[in-house]
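By convention in this document, chain letters (A, B, ...) are assigned in the order of the sequence lines, proteins followed by strands, and residues within each chain are numbered from 1.
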Amino acid sequence: MKRLLQIEYIKLWNSRSSRFLIVAYFVLLTSIALIAAIKFDIGPIEFHLADQGIFNFPYIWHFNTFVAAIFKLFLAIVIVSMMSNEYTNKTIKQNLIDGLSKKEFIASKFLTVLVFAGISTVFVFVVSLILGMMYSDYNEISIVFSDLEFLLAFFVKLVGFFSFCLFLGILVKRSAFALGFLIIWAILEQVIFGLLGWKLVSWDTAKILKSLLPLESMANLIKEPFSRLNAVQSVADQIGERIELNYHVHWYEIALVLGWTVLFIYLSYALLRKRDL
Amino acid sequence: METILKVTDLTKKFGHLTAVKNLSFTIEKGNVYGILGPNGSGKSTTLGIVLNVVNATSGSFSWFDGNTSTHDALKKVGAIIERPNFYPYMNAVQNLRLVCKIKEVPESRIEEKLTLVGLWERRESKFKTFSLGMKQRMAIASALLNNPEILILDEPTNGLDPQGIHQIRELIKKIAGEGTTILLASHLLDEVEKVCSHVVILRKGENLYDGTVDGMLASHGFFELKADDMNALKKVLEGSGEFSHIDQEGDIFIAYLNTPLEAQDLNHRCFEKQITLTHLVKRKESLEQQFLTLTNNQEQIHS
């Protein structure tokens, strides 16, 4: 396993563009902390975002994992190209000839995905912990470390998404087209939802079916955190609207994304086995 | 003899096209093998199959008596297929370090192999800055990293200039001289003739000949002859019964032997019959002529 990771490390770290994107990604993750600096000072209205409770434990786990997940697109580029470049450079052929088995080849890519997702999770954990320590109104240990399932959801979400990217890289073999395909797929999920609800089944059933699709199921893992904010809640109260949100992470949502992950990795392996290089 | 590779009834179809048809051959340790065939005869496909990058339609192959899995066996093989494939953004040493990790061999060998192919001075240069000849030599260095039991080369001199071709051939001879088994696929006959001891000849995916190069050249050769009195010469040649047939090319007779006969014996005999030869050369048929004869025969059988 260490050997497979070392192989992938040599491939990634010696490429200037991958190195740049990876560094940029982690810098961006850290930049969540900059949200704390958002301050408006317009005459009598003084607004400091950090004081609005977004950095309160345990809400911060929800908020930060949600925001951090947006940056995953940067790593998606790295992952799609680390797969498809093996085809464009034909190095996948040479790797196999040199004695890497097809299973090891997929394993080395998947392990890299796990490492990326793992480091991202640790990063978000540390950044959130520090921010929380600085700005949170509650600092009791039991509160600080509650709702940590958002971190698990974050990890699973990244692993699922990156596995999808790996699969697209193998399927399409060209990084630009694979990324294009990713965008088309995201739109396609909405189109499927629209068609289902419009013609085939009721909108409620369509919503359930939509939540089973890969990208949608990953998005559902961490729901948007904004309507949980006190400020938003109080505005809603004033206009007589009650926002009832089920924002928790559910085990079946995690199972669903893990299911997609297994499928994508298996399909990647099956494609690699079946194809002549 | 230790068997390195055994191929049995290998067939590969690409849709309607049969690239390799019921191919069988065996590779023993210590010999230099050539796979010879025109472009599109299935050489690269065959190598692709035994190297685990092309799936066979039917048939089987086994490495080292079938005691190891293919990818483990490949760690004891050094192979280059078609173009040298490396990561363009990495330099020579970084690329070879990666190969060392894949093959699970120590990185200390990188210097030795790069020196062998004359690239140690360029070790810090990115692969994409290399000329084709350098890329090809780098590929050979990479293939040798694991001190392989067998070195497989697919058209190693394709697309190189004469100097590059010469360098590669010298390198192959040097490696063969150290006792490494070599399997060389080529459409260049003289390349195979110069380097190989054994040859497998393919045409349209079929095995036409499989054996030693010498065995293939088992003819007794031919004479090119010229004399002042050509008619008398012809009589002597026809009368001896040692020639299967005699052709005339310009003012020279080409007489094909059917038994061994040395040039000085023929000269002596002619002199006794008062014929003075003005031109006497004994030649062996080149592999090229043999190859064309073989492939033509097959053509006639088919048509």
More than 12 heavy atoms of other groups within 6.0 Å of [X] [atom1]:
X        : atom1 : answer
A:Phe74  : CZ    : no
A:Phe20  : CZ    : no
A:Phe26  : CZ    : yes
A:Arg273 : CZ    : no

Within the structure provided, determine whether [X] and [Y] are in side-chain contact (heavy-atom separation under 4.5 Å).
X        : Y        : answer
B:His71  : A:Glu104 : yes
B:Arg83  : A:Lys90  : no
B:Leu74  : A:Asp98  : no
A:Leu96  : B:Asn52  : no
B:Ile102 : A:Asn95  : yes
A:Lys11  : B:Tyr87  : yes
A:Ile10  : B:Met90  : yes

Check: Please walk me through it: do A:Ile7 and B:Leu98 pass side-chain contact (heavy atoms from CB on, under 4.5 Å)?
Finding: CA-CA 6 Å; A:Ile7 288 173; B:Leu98 183 67; 3.6 Å; yes
Between [X] and [Y], is there a donor-acceptor pair closer than 3.5 Å when you use the side chain of the first and the backbone of the second?
X        : Y        : result
A:Asp276 : B:Asn55  : yes
A:Gln94  : B:Ala79  : yes
A:Arg3   : B:Glu104 : no
A:Asn89  : B:Phe86  : no

Margin query: Below 4.5 Å, heavy-atom pairs only: which of A:Ser101, A:Ser17, A:Ser108 has the largest tally toward chain B?
Written below: A:Ser101
Margin query: Less than 4.5 Å to any heavy atom of chain A: does that hold for the side chain of B:Lys126, its backbone, both, or neither?
Written below: side chain
Margin query: Please classify the contact of B:Lys76 with chain A as side chain, backbone, both or neither, using a heavy-atom distance under 4.5 Å.
Written below: neither
